[in-house]
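Remarks on the structure that follows.
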2 protein chains.
Amino acid sequence: MQISSLSKSATIEDVARAAGVALSTASGAFSGKKRMSEQTRATILQAAQELNYTPNPHAQRLAGGRSLKHIDLVALRLDVGMDARKAQRIQRLLTERGYSAPLHAYGRSVGEGQVDQRGLMETIRRQQPRAIVCDTTSLQDEVLEELKCFVAEGGMVIGYGYHDLDFPGDQVIFDSRHGISQAVRHFHSLGHERIAIGFPTHPHNTGPRLRTFQNELVSCGLRFQAQWVFHADGGAEDAETEEIGVHMAARFLRLAERPSAIFITNDYAALSFMAELHRAGVEAPRDISIVGHDDRPLAQRAWVPLSSFTHPVEEVAQCVVQMLEERLEGRAADEARVIVVRGELRLRQSTAPLLVDKGRSVKAKGK
Amino acid sequence: MQISSLSKSATIEDVARAAGVALSTASGAFSGKKRMSEQTRATILQAAQELNYTPNPHAQRLAGGRSLKHIDLVALRLDVGMDARKAQRIQRLLTERGYSAPLHAYGRSVGEGQVDQRGLMETIRRQQPRAIVCDTTSLQDEVLEELKCFVAEGGMVIGYGYHDLDFPGDQVIFDSRHGISQAVRHFHSLGHERIAIGFPTHPHNTGPRLRTFQNELVSCGLRFQAQWVFHADGGAEDAETEEIGVHMAARFLRLAERPSAIFITNDYAALSFMAELHRAGVEAPRDISIVGHDDRPLAQRAWVPLSSFTHPVEEVAQCVVQMLEERLEGRAADEARVIVVRGELRLRQSTAPLLVDKGRSVKAKGK
DNA sequence: TTGTATGCGTTATCAC
DNA sequence: GTGATAACGCATACAA
């Protein structure tokens with residue numbers, strides 16, 4: 001096979017001429033929408049092969065409308081955490097299935113360096129992809145409008161995120177509140193009563209999860225303390241996740257009354273939190289029980305193996321792609337579907353029952 | 001502003017009609033390539049605004065050639081390590097500058113689940129972006145051919161990677177061999193003579209770095225041992241980086257003669273390696289000195305703070321974008337340029353001088 | 001079954 | 001300055 005494309009790319013007209021057929025015949029041979037003799041078809045495909053012909057995607061879309069093999073992916077950020085992995089995994093699965101699936105990032109939804117979400121989505125919509133797969137976390141309303149336009153124009157939309165919302169397409173939801181309930185119940189079953197939570201993100205998006213946390217405490221008969229809620233605030237919003245764990249540790253150590261258990265919704269933050277407390281002489285699980293989130297390999301391999309809640313990235317990605325394919329193949333009900341995916345608690349050494357009299361028990365243990 | 005795009009999108013003809021001018025006048029008003037009264041121009045822009053007009057990108061590219069604000073990004077993988085961060089950072093910078101910069105991933109270059117690199121690049125090339133920014137790590141030759149075609153057709157290419165290669169455009173190189181030299185010299189200056197290296201990747205791409213390692217050992221008068229080179233092999237290629245560190249630790253512990261120092265080219269692998277040795281009673285830096293790579297925040301915050309070689313992601317990304325902009329604005333020499341970027345060693349507690357008589361010194365230390 | 005004509009939305013080249 | 005007209009490459013309806 002020669003790479004002859006140094007000259008101008010061949011057009012379908014060139015192919016038709018080479019194959020000795022009319023232009024429309026050649027077109028029909030590629031789309032398959034036209035009945036013709038196997039003989040002619042073979043000749044045309046052969047000619048296309050030799051000329052190294054590839055259809056011009058812009059001409060195709062100008063003439064025929066939507067492109068079939070192009071799906072745009074939109075994520076919030078690509079540089080951090082499991083959301084990035086989901087987007088990347090979805091891209092991978094789609095690429096393997098022969099789709100072109102470029103990935104676009106919104107940038108952060110809060111604070112400086114913000115990207116024009118609406119503009120980005122409009123640009124994408126104008127490209128007329130077959131579908132848009134979109135991370136719905138902190139999607140602005142104007143973006144939802146754009147997506148609705150896109151669907152109205154015949155596009156297809158699949159979303160994934162942490163809470164379902166009024167959305168013009170199917171959604172795959174990882175139920176992050178379930179993890180919070182599980183963690184709280186676990187701590188409670190171990191006898192803990194002073195339970196904290198740490199979100200290594202901007203407070204902006206933690207409302208629903210925080211409410212779940214409060215409700216769960218109440219239903220366990222425990223009290224909620226605002227100072228036992230940790231966020232990436234006070235200038236730490238831009239820090240790397242691990243740094244946020246360090247900040248949390250500093251705040252924790254300044255507390256007059258310390259919790260005996262904490263759920264930190266990111267393993268790396270939890271690990272640096274744990275290491276930082278260790279330096280201050282506060283040990284897990286003796287002095288504090290810690291549960292992380294995402295169940296990264298390092299959690300299991302850490303100095304003190306970290307209990308963690310799993311984050312089924314693969315499952316989410318596969319659900320998204322499956323729903324998408326069902327829609328593309330027209331075998332899906334009209335109304336938008338919602339699939340909920342859940343993780344589970346993996347217990348390791350960073351959590352332990354609360355010791356009633358801490359001092360004595362520790363001594364006894366140390367003997 | 002109303003979102004009227006529920007109906008079919010306005011075309012330039014609609015704008016011209018609304019503004020009471022000819023179609024081509026309207027076109028000229030947008031491109032600015034036509035002289036006209038400010039009055040007319042304002043009217044046209046106004047009309048476009050009201051009709052919520054956006055040019056159809058496909059029609060533009062069909063007619064006018066290359067799109068100006070579209071730059072395609074191509075990376076190897078997006079799900080792991082610092083290469084992903086570079087791609088993401090470049091995307092960010094370009095998006096902030098008003099470019100549409102979708103990110104495509106090749107998938108892995110070796111092993112199963114391989115993506116058709118050539119096909120992907122061809123698809124991208126056919127989209128006629130203004131430029132292609134490409135991770136050159138383990139680029140297949142056919143892809144280089146595609147890129148050359150792209151340049152021949154008037155496109156622009158910028159590459160970034162770990163070694164410069166015969167490439168049809170500017171390149172930004174992070175000199176990974178420099179880090180290896182630095183690490184070896186550091187160990188040597190501490191008195192270490194049995195020095196190992198660990199690459200948490202497939203052996204496929206480590207050739208040049210391994211040679212640098214050997215050369216550096218020789219120039220320090222030290223011996224090279226093949227069994228002191230660790231790779232992600234034996235089925236571990238697909239494992240997460242941290243898991244590879246665990247595998248390396250297992251192999252290390254089985255060694256008849258153990259090295260006293262090791263450079264592992266990824267912090268997470270180095271951390272899990274260190275934790276795993278700890279469980280086996282082998283402590284850093286007492287029994288082994290460890291240097292990681294990338295200088296991730298967790299390295300600094302780990303149980304034993306890890307010495308690490310920095311990885312200037314930001315610098316690479318900025319160099320790439322700067323070179324690109326210089327080219328786009330035509331203020332760059334014709335011949336392809338190469339910029340080399342280097343990191344530096346950050347020393348922490350995981351490295352220490354070799355103790356001449358380990359047993360006695362340790363006892364003395366413990367007193 | 002095969003060839004022909006028209007339109008998609010834009011840019012660019014001309015005459016006016 | 002402004003306004004028709006021809007590409008650009010493909011799909012499709014329609015005529016042969």
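Lettering follows sequence order; numbering is per chain, from 1.
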(message) Closer than 3.5 angstrom, by distance alone: can the side chain of Gln91(A) be matched with the main-chain N or O of Ser100(A) as a donor-acceptor pair?
(response)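 No; judged by distance alone, with no hydrogens or angles, the pair does not exist.
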(message) Can you work out whether Pro57(B) or Ser37(A) has the more 5'-proximal nearest nucleotide on DNA chain C?
(response)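 Of the two residues, Ser37(A) wins.
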(request) Please tell me which of Ser31(B) and Val21(A) maps to the more 5' nucleotide of DNA chain C, matching each residue to the nucleotide holding its nearest heavy atom. (result)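 On the 5' side of the pair lies Val21(A).
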Among all residues two or more places apart in sequence or in another chain, which pass the salt bridge (charged side-chain N to carboxylate O under 4.0 Å, His left out) test with [X]?
| X | answer |
| --- | --- |
| Arg17(A) | Glu13(A), Asp14(A) |
| Arg126(B) | none |
| Asp141(B) | none |

(message) Is the phosphate of dC10(D) approached by Gln60(A) (side-chain N or O, under 4.0 Å from OP1 or OP2)?
(response)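 False: Gln60(A) side-chain N/O out of range (4.0 Å or more) of dC10(D) OP1/OP2.
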(request) Answer yes or no: does a side-chain N or O of Thr11(B) lie under 4.0 Å from OP1 or OP2 of dC8(C)? (result)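 No, Thr11(B) has no side-chain N/O under 4.0 Å of OP1/OP2 on dC8(C).
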Measure from [atom1] on [X] to [atom2] on [N] and round the result to the nearest Å.
| X | N | atom1 | atom2 | value |
| --- | --- | --- | --- | --- |
| Asn56(B) | dG9(D) | CG | P | 16 Å |
| Phe30(A) | dA11(D) | CZ | P | 9 Å |
| Arg126(A) | dC8(C) | CZ | P | 14 Å |
| Gln127(B) | dC10(D) | CD | C1' | 15 Å |
| Arg61(A) | dT10(C) | CZ | C1' | 16 Å |
| Ile12(A) | dA7(D) | CD1 | P | 20 Å |
| Arg17(A) | dG3(C) | CZ | C1' | 15 Å |
| Glu13(B) | dT5(D) | CD | P | 13 Å |

Can you tabulate the close N/O pairs, meaning under 3.5 Å, that link protein atoms to atoms of nucleotides 4-7 of chain C?
| from | atom 1 | to | atom 2 | distance (Å) |
| --- | --- | --- | --- | --- |
| dT4(C) | O4 | Ser24(A) | OG | 3.0 |

(message) Please classify the nucleic acid contact of Ser27(A) as base, sugar-phosphate, or nothing, using heavy-atom distances under 4.0 Å.
(response)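 Touches a base.
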(request) State which residues pass side-chain contact (heavy atoms from CB on, under 4.5 Å) with Leu328(A); sequence neighbours excluded, sorted by chain then number. (result)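 side-chain contact (heavy atoms from CB on, under 4.5 Å) check on Leu328(A) returns Ile71(A), Tyr99(A), Arg130(A), Met156(A), Leu324(A).
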(request) Give the angle between the helix axes at the two ends of the helix from dT1(C)-dA16(D) to dC16(C)-dG1(D), taking five base pairs at each end and rounding to 10°. (result)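 Terminal axis comparison yields 50°.
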(message) Return whichever of Pro55(A) or Arg41(B) has its heavy-atom-nearest nucleotide of DNA chain D closer to the 5' end.
(response)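 With Pro55(A) and Arg41(B) compared, the 5'-side residue is Arg41(B).
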(message) Under the rule for ring pair (Phe, Tyr, Trp, His ring centres under 6.0 Å), what residues qualify as partners of His104(B), not counting sequence neighbours?
(response)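 Not a single residue meets the ring pair (Phe, Tyr, Trp, His ring centres under 6.0 Å) criterion with His104(B).
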(request) With sequence neighbours left out, write down each residue that passes ring pair (Phe, Tyr, Trp, His ring centres under 6.0 Å) with Phe167(B), or none if nothing qualifies. (result)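 Once residues adjacent in sequence are excluded, Phe167(B) has no partner under the ring pair (Phe, Tyr, Trp, His ring centres under 6.0 Å) criterion.
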(request) Sort out for me which residue in Gln140(A), Arg118(A), Gln117(A) forms a side-chain hydrogen bond (donor to acceptor under 3.5 Å, both in side chains) with Glu146(A). (result)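 With Glu146(A) as partner, Gln140(A), Arg118(A), Gln117(A) yield a single side-chain hydrogen bond (donor to acceptor under 3.5 Å, both in side chains), made by Arg118(A).
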Report, one line per pair, each donor and acceptor closer than 3.5 Å where one atom sits in a side chain of residues 21-31 of chain A; sequence neighbours left out.
| from | atom 1 | to | atom 2 | distance (Å) |
| --- | --- | --- | --- | --- |
| Ser24(A) | OG | Lys34(A) | NZ | 3.4 |
| Ser31(A) | OG | Ser27(A) | O | 3.4 |
| Ser31(A) | OG | Lys33(A) | N | 3.2 |

